[in-house]
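Heads up: the structure comes next, in structure tokens.
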Amino acid sequence: MSESNSSQPLLTLSKVNKSFGAVHVLQNVDFSVRPGRVTALVGDNGAGKSTLIKGLAGIHSFESGTYTYEGTPVHVTDPKQANALGIEVVYQDLALCDNLDVVHNMFLGRELTKGMGLDEAEMEKRATTTLSGLSVRTLKSVRQNVASLSGGQRQTVAIARAVLWNSKLVILDEPTAALGVAQTDQVLKLVRRLADNGLAVILISHNMNDVFQVADDIACLYLGQMAAQVDAHEVNHGQVVELITAGRSGDLGLPDPSTTGAVA
Amino acid sequence: MSTVTTAPDQLPETEAQGLGQAWRDYVGRVRGGELGALPSVLALISLVVIFTALEGSTFFSAFNFANLITQSATIVVLAMGLIYVLLLGEIDLSAGFAAGTAAAVLAVTLTQRGWSLPLSLAATIITGVLIGLFIGLIVAKLGIPSFVVTLAMFLALQGLMLIIIGEGGTIPIRDDTVRALMNSNMTPVAGWILFGVVVLGYGFTTYRAMSVRRKSGLVTQSAQVWLIKLVLLAGMLGTAVFILNQERSRNPNLTSIQGVPYVVIVILVLLVVLTYNLTRTSFGRHVYATGGNAEAARRAGISVARIKIYCFIACSSLAAVAGILFASKDQSVSPSTGGSTTLLYAVGAAVIGGTSLFGGRGRIRDAILGGLVVAVIGNGLPLITDASGIQFIVTGLVLLIAASVDALSRRRAIASGRL
Ligand SMILES: Nc1ncnc2c1ncn2[C@@H]1O[C@H](COP(=O)(O)OP(=O)(O)O)[C@@H](O)[C@H]1O
Ligand SMILES: [Mg+2]
């Protein structure tokens, strides 16, 4: 189902830090993502998940630490740079235009042109290819307006749009938060297929069922620190919940303050 | 690997869509709240039927048909410009006086300063560009609602017009070319040539688009549907040209009046160029995106501010073109040019034609359909009643109905869209 554990990381963060004023939001965070695997990023509200993602996507940059991409250190300081590296983010509140059709949305801001005008035929062809490459069969037509789609179909379009650009890393911020059971299943299967097609996927989720259904790796942030990044098959539901709420579980996670003398 | 089967599974069709499919798609779109040209065409047909029934002989005469075209031309061009800002969900209340100000520049440079026609026309259009640039910069960069900015401009431009026109009050237009625009007609033969160019041009471009899609292996309408559309267009335009080519002079022995008014060329060129601009270029796509979801447009890397500025420039520049038509129609420019109900009728025309006040939905052709509805009311009602008050009330009601259709179809689209 997924690539071997030994594949080289696509992206590695080492000891990155980020503060907003006096608030030290990310503290010496280590994090890595491998191609062909879904890495779930979990943590309580305010743990720093979104801040970490925004740093990866160049919306703001880390203050210290190293950001390695495909083996070379990079400094990603704006979103276009991240796009150029092959990093695409699917935001929680979908950035789709209801009044445009599926093709128009997938190519929005990066339309293909031929001569003076748009190359509609080529765009439609590529959109259709991308959607069928993801085995998306639920769209009646790629020429229908996004307004007429269900929540799951909209999420599908947003994800397909991220994949269209030969991206290597797709980051999804709570893609199933607003969806019903059937549609959640539909989107999770799509997330799985992205990884099976060789992409690296980061999935932020609060839903443990979702996480265990698709994730290969689980990275848990606790108050701005990386409590643990583990193989999903080596932990159970309860351990992950403990990592989220207490930062440690048994010998996993952050050192116990009572044994090291640190103050939480 | 599993496939997704939660929603009604339907594989995309790959063969050409026949008549039945085209009709089912259309019904589906209308049911889903995408009414398109339907309401305005229905309104146009019922108004024509009503007026013909009540005052058939005078209303449905060739003379009146030509009147309809020249009466609606200024409103149509203004509405075309307004569609750019309405698509963004903005408004330009000053477009009427932008037309007036541009017309004043035309009159002063042409009649008083004796500039050559091209130079004078250039100055007129540049006036429109500058007005639009000013409004656009303030709306986009300072974030002041366009309603307020253009209300201020509505007043300021009236003042500017007075200053440009000066004490005299009314400046005559003596240039024959400008006067001909709204007052002269093509020869009947030229009318048929125009008809041929339009029908062949439409047939050729739509056929080429179809074959490009077929070559790319995409779903396309069948040749049958294409032919029916082409025949319908040819039938409608042919009828119009035929009627306009009839002698409509009250006294044919003295002066002959027949043929398609020259202004029709202006309208057709604008229709083609602006429709291309809005539907076939990245810029146009970004206009719709900004009006549909500005935040999504911004995240997609579109400069929303730049789009806004360009749309206000488009609006005021087209208002300047309307200004030229005003000057031609009245054969003079006065401080009231572009004032009174001009702007309201133009906004009304766009909305009646199907452009949404909520942004994100509208087409250039809406200006023509809506402009014709407004002109038919203005043209037909006086034949029935002398009370000019009735005309205002009826036009107001039609606008209200159009806005309600807009709001209801939008609600319908939202309801049928998000489950
Ligand atoms: N732009 C910002 N300015 C100041 N504080 C911020 C900013 N963004 C996030 N924070 C703070 O950083 C912490 C982590 O936030 P965030 O990364 O959004 O957490 P999560 O996504 O895990 O819920 C929170 O305490 C939040 O208040
Ligand atoms: Mg968050």
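Since this is a predicted model, take the numbers as computed values, not measurements.
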When Glu124(A), Arg143(A), Lys125(A) are compared by non-hydrogen pairs under 4.5 Å with chain B, the top option: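 Heavy-atom pairs under 4.5 Å are most numerous for Glu124(A).
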Leading residue by heavy atom contact count with chain B [cutoff under 4.5 Å; candidates Glu120(A), Lys80(A), Arg110(A)]: Glu120(A)
Interface residues of residues 278-292 of chain B facing chain A - non-hydrogen atoms under 4.5 Å apart: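 Within residues 278-292 of chain B, the residues that come under 4.5 Å of chain A (heavy atoms only) are Thr279(B), Arg280(B), Thr281(B), Ser282(B), Arg285(B), His286(B), Tyr288(B), Ala289(B), Gly292(B).
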Mutual orientation of the aromatic rings belonging to Phe20(A) and His60(A) [parallel < 30°, tilted 30-60°, perpendicular > 60°]: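 Ring orientation of Phe20(A) relative to His60(A): perpendicular.
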Partners passing ring pair (Phe, Tyr, Trp, His ring centres under 6.0 Å) against Tyr207(B) (at least two apart in sequence or in another chain): Trp226(B)
Partners passing ring pair (Phe, Tyr, Trp, His ring centres under 6.0 Å) against Phe204(B) (at least two apart in sequence or in another chain): none
Full working for side chain to side chain contact (heavy atoms under 4.5 Å, CB included) between Leu164(A) and Met123(A): CA-CA 10 Å; Leu164(A) 191 61; Met123(A) 286 195 275; over 6 Å; no
Can you say whether [X] sits under 4.5 Å from chain B via the side chain, the backbone, both, or neither, judging by heavy atoms?
X: Asn145(A); value: side chain
X: Arg161(A); value: side chain
X: Leu108(A); value: both

Does [X] reach the main-chain N or O of [Y] with its side chain, forming a donor-acceptor pair under 3.5 Å?
X: Arg213(B); Y: Val219(B); answer: yes
X: Tyr69(A); Y: Leu85(A); answer: yes
X: Ser216(B); Y: Leu218(B); answer: no

From CA spacing to verdict: side chain to side chain contact (heavy atoms under 4.5 Å, CB included), Phe62(A), Leu13(A): CA-CA 10 Å; Phe62(A) 301 119; Leu13(A) 295 182; 3.8 Å; yes
Stepwise side chain to side chain contact (heavy atoms under 4.5 Å, CB included) test for Tyr276(B) and Thr205(B): CA-CA 12 Å; Tyr276(B) 182 87; Thr205(B) 44; over 6 Å; no
Residues Leu318(B), Leu274(B); criterion side chain to side chain contact (heavy atoms under 4.5 Å, CB included); working and verdict: CA-CA 10 Å; Leu318(B) 285 161; Leu274(B) 302 180; 3.7 Å; yes
Modelled atom types, side-chain donor and acceptor of Ser146(B) and Glu90(B), under 3.5 Å: yes
Salt-bridge present (Arg154(A), Asp98(A); N to O < 4.0 Å):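 Salt bridge: yes.
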Sorted by number, residues from residues 48-56 of chain A in contact with chain B (heavy atoms, under 4.5 Å):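 Answer by number: none.
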